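The next block holds one structure in the form of structure tokens; read it before the comments.
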Amino acid sequence: MILGVLSLVLVVGGGAGVGLVLRDRGDAQAQEQGKGATDPSTVVVKDEEITALVEQHSKALAAGDAAAFTSIFDKKNAALVRDQTRVLANLRKMPFSEMSYKVLVGRDGRVEDSFGRGVKFTQDVAFVHRFAGIDLRPVSEWYRWTIEKASADAPLVVTKVGGASPPILSGEGSKTVFYPGPWDIWPDVTVVKAGGNVILTRSQDAALAQRAASAVAGAAAADLAYWKRNGDPDAQVPAGFVVALVKGKAQLGNLFRKTQANEAGVSIGMPSWGAAGDPVKIGGTRVVMDTTSQFFDDAEGISEISRHELAHSLIAGLDSAEFSLFGKANWIVEGFAEYVANRDGPMGRNRRLPEGRAYLAGQLDVARPFDGTLPDNVFWDSKGMTSVNYLMGHLAMRYIAERYGDQKLVAGVVAAYRAHGDDSEAALFQELGVKKTDFERQWAGYVRRVLA
């Protein structure tokens, strides 16, 4: 019953955009070698050759030309060609306003051989794309292509496609950078419109997506209306959202990332592409929800999890996206999403209430009994604490809304998002005009009254 938010912080380079600024395994030397060999017997791959290959692939994608799109792949590998044909078919269904491939810095292996032998290396490539009317900026998924050149006059051939590893200092737990997308691994992607939102699902789950569409559209409308009433009208927030539906934790951890998942849903923030100096660091989000979770038992549950995850996505573009040791305070991030998801319902109907009462009464086997202090990130997921901490964050936000008003609550949360991660609490309390110790004392009394 855990909801989640995930944001990868990448280093933004110069005019070329977001890229690997630290080469993974000493490929700088390999790239330098590829710039100037003149011996006709030497097999060498130059940067211009790789750029031309990637640009050719972009043109084929834009044209929807399957023959051209698959021409760069190893024709002897029928499975690879078949998979990439399917990728193109899926991508052509997406309501993208732009899409292209760009060369990244990450490269590993031999790009030159002085004895006339073939060369083989890996090259990281970004798929830059933007969902029309949804993403604030273009975002990117990173591939790692294995490329071979058999002889000096042979063309480059892509023999393998996988996901690229994240930069060394990204602060991200995923093994890949927003790979795989549903277009990469689903045989056939179904696209369902839900108001100004897009739901992506496997073809066999199309009926479920249709049933969920009204709940997703309603959740988006409710969250956006809440922002319109209480948020900064000049702040850049999305007008719609991308939601993908999966079945089970294995699928949840293997879409737009590769990690072990334990949430019921997640909002994955994707950095803006090619925007050095752009105040919008997170250009778009991808919400993924597990349809086997208890939230999908009924329409009310689908609405709740949708409101929660879309609340994360709503303000993701306001995130400073700066790397920090502990990150933004989870009780603010998750508490705000829980509050937005449940603000219109009485606490007496909250699904976490029985657990919260048992926690307050000392009846749960947990790592930390209630002591009147706000949850911290270090112990957020310690024994028996995760769901309880979500409730504590929710109650903190509810208390702020009741005492200071929703506009002040939103201003405080936005201040926390815009601050350096480790300074998020201080930014919120400064906005509220209260010291943390005083707030905790008042909030603890509120928790005891609500959970009595």
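Only a predicted model underlies this, so the values are computations on that prediction, with no experimental measurement involved.
Between Arg92 and Met99 there is a side-chain heavy-atom pair separated by less than 4.5 Å. The shortest distance between side-chain heavy atoms of Leu61 and Leu91 falls below 4.5 Å. Asp184 is listed as a side-chain neighbour of Val87, based on a closest heavy-atom distance under 4.5 Å. Taking 4.5 Å as the limit, some side-chain heavy atom of Leu451 sits within range of a side-chain heavy atom of Leu395. Looking only at side-chain heavy atoms (C-beta outward), Phe131 and Met94 come within less than 4.5 Å of each other. Looking at heavy atoms from C-beta onward, His308 lies out of side-chain contact with Phe295 at the 4.5 angstrom threshold. In this structure the side chain of Val161 reaches within 4.5 angstrom of the side chain of Leu80, judged on heavy atoms. Looking at heavy atoms from C-beta onward, His129 lies in side-chain contact with Val139 at the 4.5 angstrom threshold.
Interatomic distance, CD of Gln236 versus CG of Leu318, reported as 8.5 Å (0.5 Å rounding). Put simply, CG on Leu224 and NZ on Lys228 are 10.0 Å apart, with the number rounded to the nearest 0.5 Å. The CG atom of Leu428 lies 10.0 Å from the NZ atom of Lys408; values are rounded to the nearest 0.5 Å. In this structure, the separation between CG on Asn377 and CD1 on Ile332 is 9.0 Å, given to the nearest 0.5 Å. Going from atom CD1 of Ile282 over to atom CG of Leu136 covers 10.5 Å, rounded to the nearest 0.5 Å. Within the model, atoms OG1 of Thr291 and CG of Leu252 stand 10.0 Å from one another, a figure rounded to the nearest 0.5 Å.
Residue Glu355 comes nearest to Ser387 through the heavy atom pair OE1-OG, 2.8 Å, listed as atom of the first residue, atom of the second, then distance. The two residues Arg351 and Pro354 have their closest heavy-atom pair at O-CD, 3.8 Å. The minimum heavy-atom distance linking Ala126 with Trp273 is given by the pair CB-CZ3, 3.8 Å. The shortest non-hydrogen separation linking Ala415 to Ala427 is O-CB, 3.5 Å. Leu409 and Ala401 get closest at one heavy-atom pair: CD2-CB, 4.0 Å.
Remark: Asp135 does not engage Arg130 in a salt bridge, criterion side-chain N to carboxylate O under 4.0 Å. Using a cut-off of 4.0 Å between Lys/Arg side-chain N and Asp/Glu carboxylate O, Glu304 and Arg352 are scored as not salt-bridged. Salt bridge annotation for Lys247-Asp205: present, with a cationic side-chain nitrogen under 4.0 angstrom from a carboxylate oxygen. At a threshold of 4.0 Å, the pair Glu300-Arg349 counts as salt-bridged, since one of the basic side-chain nitrogens sits closer than that to a carboxylate oxygen. Using a 4.0 Å cut-off between charged nitrogen and carboxylate oxygen, Lys435 and Asp438 do not count as a salt-bridge pair. Using a 4.0 Å cut-off between charged side-chain N and carboxylate O, Asp319 and Lys328 make a salt bridge. A salt bridge links Lys249 to Asp290: at least one charged side-chain nitrogen sits closer than 4.0 Å to a carboxylate oxygen.
Without hydrogens or angle criteria, Asp223 side chain to Ala311 main chain gives a donor-acceptor distance under 3.5 Å. Side-chain atoms of Ser303 never come within 3.5 Å of backbone atoms of Ala219 as a donor-acceptor pair (strictly under, hydrogens ignored). In this structure, Asp423 contributes its side chain and Ala426 its backbone to no donor-acceptor pair below 3.5 Å. Looking at Ser174, its side chain does come within 3.5 Å of a backbone N or O of Lys258 through a donor-acceptor pair. Within the 3.5 Å criterion, the main-chain N or O of Ala299 finds no donor-acceptor partner in the side chain of Arg211. In terms of modelled atom types and a separation under 3.5 Å, the side chain of Ser272 and the main chain of Val280 share a donor-acceptor contact. Side chain of Asp124 to main chain of Leu104: no donor-acceptor pair is present (N/O by atom type, distance under 3.5 Å, no hydrogens or angles). When atom types are taken as modelled, the side chain of Arg343 and the backbone of Val340 share a donor-acceptor pair closer than 3.5 angstrom. Although no hydrogens or angles enter the test, the distance criterion places no donor-acceptor pair under 3.5 Å between the side chain of Asn254 and the main chain of Gln251. The backbone N or O of Pro271 sits nowhere less than 3.5 Å from a side-chain atom of Arg137 that would complete a donor-acceptor pair.
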With side-chain contact (heavy atoms from CB on, under 4.5 Å) as the test, would you mind laying out the steps for Val103 and Val125 before giving the verdict? CA-CA 5 Å; Val103 179; Val125 176; 5.6 Å; no
Could you walk me through whether Lys102 and Phe127 pass the side-chain contact (heavy atoms from CB on, under 4.5 Å) test, one step at a time? CA-CA 7 Å; Lys102 303 292 183 183; Phe127 171 51; over 6 Å; no
Should Ile400 and Leu432 be marked as a side-chain contact (heavy atoms from CB on, under 4.5 Å) after you check the CA-CA gap, both sets of side-chain angles, and the distance that decides it? CA-CA 9 Å; Ile400 294 172; Leu432 297 181; 3.9 Å; yes
Ile147/Thr159 under side-chain contact (heavy atoms from CB on, under 4.5 Å): CA gap, chis, key distance, verdict: CA-CA 6 Å; Ile147 302 177; Thr159 59; over 6 Å; no
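For the residue pair Gln407 / Arg229, no side-chain donor-acceptor distance below 3.5 Å is found, with atom types taken as modelled. No donor-acceptor contact under 3.5 angstrom links the side chains of Ser382 and Trp380, judged on distance only. Using modelled atom types, one finds no donor on one side chain facing an acceptor on the other under 3.5 Å when comparing Ser100 with Ser58. Donor-acceptor pairing under 3.5 Å is recorded for the side chains of Tyr339 and Asp406. For the residue pair Ser267 and Ser313, a side-chain donor N or O sits within less than 3.5 Å of a side-chain acceptor on the partner. Using modelled atom types, one finds no donor on one side chain facing an acceptor on the other under 3.5 Å when comparing Asp108 with Thr122.
Between Phe336 and Tyr226, the angle of the ring planes lies from 30° to 60°, which puts this pair in the tilted group. Ring geometry, Tyr101 versus Phe69: the interplanar angle falls from 30° to 60°, so the pair is classed tilted.
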Side-chain donor-acceptor contacts of residues 188-204 below 3.5 Å, not counting sequence neighbours, with atom names and distances?
{"from": "Asp188", "atom 1": "OD1", "to": "Lys93", "atom 2": "NZ", "distance (Å)": "2.1"}
{"from": "Asn197", "atom 1": "OD1", "to": "Phe241", "atom 2": "N", "distance (Å)": "3.0"}
{"from": "Asn197", "atom 1": "ND2", "to": "Ala194", "atom 2": "O", "distance (Å)": "2.7"}

For a quick test of your reading: what N or O donor-acceptor pairs under 3.5 Å do the side chains of residues 363-370 make, sequence neighbours left out?
{"from": "Asp365", "atom 1": "OD1", "to": "Lys383", "atom 2": "NZ", "distance (Å)": "3.2"}
{"from": "Asp365", "atom 1": "OD2", "to": "Lys383", "atom 2": "NZ", "distance (Å)": "2.8"}
{"from": "Arg368", "atom 1": "NH1", "to": "Asp376", "atom 2": "OD2", "distance (Å)": "3.1"}

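The 12-atom threshold is not exceeded at NZ of Lys120, counting heavy atoms of other residues, nucleotides or ligands nearer than 6.0 Å.
With Tyr446 as the fixed residue, the side chain to side chain donor-acceptor pair (under 3.5 Å) test singles out one of Glu402, Arg398, Arg441, Arg403: Glu402. For the side chain to side chain donor-acceptor pair (under 3.5 Å) test with Trp331, the passing option among His394, Glu425, Glu338 is Glu425; the others fail. Evaluated for a ring-ring contact (aromatic ring centres under 6.0 Å, His included) with Tyr143, the options Tyr179, Trp183, Phe178 yield exactly one hit, Tyr179.
Aromatic ring centroids of Tyr417 and His312 lie 6.0 Å or more apart.
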